[in-house]
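Counting starts at 1 for both ligands and their atoms, following the listed order.
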Amino acid sequence: MAVREILKMGDPRLLQVAQPVTAFDTPALHALVQDLQDTMLVANGAGLAAPQVGVDLQVVIFGSGRPNPRYPEADPVPYTILCNPVLTPLSPQEDIDWEGCLSVPGLRGKVPRFVHLRYQGFDLKGQAIDRTVSGFHARVVQHECDHLVGKLYPMRMRDFQDFGFTEVLFPHLGRT
Ligand code: NI
C-alpha cells in the first residue's frame, strides 16, 4: 500500500496532456493502479487520475460501487480502471452540478457536463471497455478524463458565483 501525494492546482504537471499507455498488465502499471486506489480510498475520492500523483500516463480510476461520502446524494459508480480513454457525448444535452477535486481541496463549483456519454478505453490488462452511461457516472468520467488533457474543473466553469468553500456550501460534509 502506498498513498501518494496528490498534486494541487498550480502545479504545472496538472496542465499537461498525458501520454498513452503502451504496455498493459505490467508490474509498473499494476503498482501505479494500486497506488491510485490506495490514495483515492484514503482521500474518499470519487476518482483519481495518474497526473494527479505526478505520473504522465493516460490512466484514471473512479467509482467504488458504494455511495461516496464526498457525494452522498449521488448514485454509486462501479469501480473502474480506465486507460487511454476516448469520450463521445451522445447528445448535446448538458447538466450543471457541483464538483470537487482532490487537486482543488476544500472547494466546490458547478460545472456543465454532457448528460449522456459513451466511453471507450482499456482496463489494466488491455481488455477493451465500452460503456454508455449517464448522470453522475458520466460526470465523473468527464471530470477524471479531463485530468488527462490538463483540464481542472474550474477551467470548465461558466459562472464563478457557483464556486466556494465546501464547509460553507455544504456544512454537513465537513472539510472534504
Ligand atoms: Ni479531479
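Within a radius of less than 2.8 Å around the Ni ion (ligand 1), the protein N, O or S atoms are Cys101 SG, His143 NE2, His147 NE2.
Aromatic ring orientation, Tyr153 versus Phe163: perpendicular (interplanar angle above 60°, classes split at 30° and 60°). By the 30° and 60° cut-offs, the orientation of the rings of Phe170 relative to Trp98 is perpendicular.
A side-chain contact (heavy atoms from CB on, under 4.5 Å) with Arg156 is found for exactly one of Lys110, His143, Lys151, namely Lys151.
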Under the criterion side-chain contact (heavy atoms from CB on, under 4.5 Å), I'd like the reasoning laid out for Cys83 against Gln58: C-alpha separation, chi angles, the key distance, then a yes or no.
CA-CA 6 Å; Cys83 305; Gln58 292 181 23; 6.0 Å; no
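The pair Glu99-Arg113 counts as a salt bridge, with a side-chain nitrogen and a carboxylate oxygen less than 4.0 angstrom apart.
Listed by first and then second residue, the ring-ring contact (aromatic ring centres under 6.0 Å, His included) pairs involving residues 34-61 amount to none (not counting sequence neighbours).
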